[in-house]
Amino acid sequence: QVQLVESGGGLVQAGGSLRVSCAASGRTFSSYFLGWFRQAPGKERDFVAAIRWSSGITYYADSVKGRFTISRDNAKSTVYLQMNKLKPEDTAVYYCAATDGSKGWRYPYYDTRNYDFWGQGTQVTVSS
């Protein structure tokens, strides 16, 4: 069973930076996509970024391109989301997600239905 554990959330001022981590276990992730989503109160869960574990190919939401970077550390089985130039509208619970990508995307890459495994989330709050 895949387990995903997020960490690194917190409170930061607008314009600042924060890095959240997702420790993955329970599987060999070479064929997997790992993604980050976020959900603000009263809103839907939105795609932020994703990475194909084997190749390192990345995908980003337009709202975070140029500010956020997703990366992975194979040795630690950990995915990171480096967030720079944070804005108050980035405030949300950030969730890590994983899916076996051996057959590619089943839905558009930003669709939550692609992902079979989810972490518990970590709160990121950006003050103005």
Side-chain angles (χ1 to χ4, degrees):
Q1 182 71 8
V2 173
Q3 290 188 323
L4 305 170
V5 180
E6 300 99 333
S7 62
L11 174 65
V12 63
Q13 288 188 332
S17 299
L18 200 63
R19 188 178 78 165
V20 291
S21 304
C22 172
S25 61
R27 202 66 64 88
T28 300
F29 292 98
S30 57
S31 65
Y32 272 60
F33 291 106
L34 276 291
W36 285 98
F37 287 77
R38 64 188 182 186
Q39 189 166 19
K43 295 190 176 181
E44 294 185 348
R45 190 168 296 188
D46 291 332
F47 171 78
V48 176
I51 188 167
R52 187 170 186 116
W53 193 274
S54 57
S55 64
I57 292 175
T58 57
Y59 308 80
Y60 292 97
D62 288 342
S63 60
V64 305
K65 277 181 183 176
R67 300 189 299 124
F68 290 12
T69 303
I70 188 171
S71 62
R72 86 273 193 240
D73 184 325
N74 290 334
K76 296 181 179 180
S77 293
T78 298
V79 175
Y80 302 99
L81 184 68
Q82 176 67 44
M83 303 181 286
N84 299 327
K85 300 179 182 178
L86 282 160
K87 305 174 182 179
E89 51 263 44
D90 294 318
T91 295
V93 177
Y94 282 70
Y95 295 93
C96 179
T99 186
D100 186 344
S102 56
K103 297 184 179 180
W105 296 109
R106 293 172 290 174
Y107 304 96
Y109 64 86
Y110 47 81
D111 196 315
T112 58
R113 293 176 294 174
N114 282 306
Y115 294 88
D116 301 307
F117 306 100
W118 294 85
Q120 81 287 352
T122 186
Q123 177 70 46
V124 172
T125 302
V126 184
S127 63
S128 57

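All figures in this text were calculated on a predicted structure; none of them were measured in a lab. Atom set for the values below is all heavy atoms of this structure, side chains included, hydrogens, waters and symmetry mates excluded.
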- Task: Check which hydrophobic residues are tied to F117 through side-chain heavy-atom contacts below 4.5 Å, counting indirect links as well, and list them.
- Result: V2, L4, V12, L18, V20, F29, Y32, L34, W36, V48, I51, W53, Y60, V64, F68, I70, V79, L81, M83, L86, Y94, V124, V126
How long is the straight-line distance from [atom2] of [Y] back to [atom1] of [X], given to the nearest 0.5 Å?
X: F33; Y: Y109; atom1: CZ; atom2: OH; result: 12.0 Å
X: Q120; Y: Q3; atom1: CD; atom2: CD; result: 10.5 Å
X: Q39; Y: D46; atom1: CD; atom2: CG; result: 8.0 Å
X: S25; Y: K76; atom1: OG; atom2: NZ; result: 15.5 Å
X: R113; Y: T99; atom1: CZ; atom2: OG1; result: 12.5 Å
X: Q123; Y: T91; atom1: CD; atom2: OG1; result: 7.0 Å

- R19 to Y80, cation-pi by 6.0 Å centre distance and 45° axis angle: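 Ring-cation test returns yes.
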- Task: Kindly say whether D111 contributes a backbone atom to a donor-acceptor pair with the side chain of N114 at under 3.5 angstrom?
- Result: yes
- Query: Which pairs count as disulfide (SG to SG under 2.5 Å) when at least one residue sits in residues 22-107, sequence neighbours excluded?
  - Reply: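 Disulfide (SG to SG under 2.5 Å) check on residues 22-107 returns C22-C96.
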- E6 and V93: side chain to side chain contact (heavy atoms under 4.5 Å, CB included), yes or no, with the steps? CA-CA 10 Å; E6 300 99 333; V93 177; over 6 Å; no
- Does one hydrophobic cluster hold both W105 and I57, with members joined at side-chain heavy-atom distances below 4.5 Å?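 In one cluster with W105: I57, yes.
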- Item | Identified ring-ring contact (aromatic ring centres under 6.0 Å, His included) counterpart of F37 within the set Y110, W118, Y95 |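 Checked Y110, W118, Y95 against F37; only one passes ring-ring contact (aromatic ring centres under 6.0 Å, His included): W118.
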- Query: In terms of heavy-atom contacts, does CD of Q13 have more than 12 from other residues, nucleotides or ligands at under 6.0 Å?
  - Reply: no
If every non-hydrogen atom of [X] is compared with every non-hydrogen atom of [Y], which pair is closest and at what distance?
X: S17; Y: K85; result: OG-N, 4.4 Å
X: T78; Y: S21; result: CG2-CB, 4.1 Å
X: A14; Y: S128; result: CB-CA, 4.3 Å
X: A50; Y: Y115; result: CB-OH, 3.5 Å

- Query: Salt bridge between D90 and R38, side-chain N to carboxylate O under 4.0 Å?
  - Reply: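 R38 and D90: salt-bridged.
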- Electrostatic pair R27:D100 at N-O distance under 4.0 angstrom: no
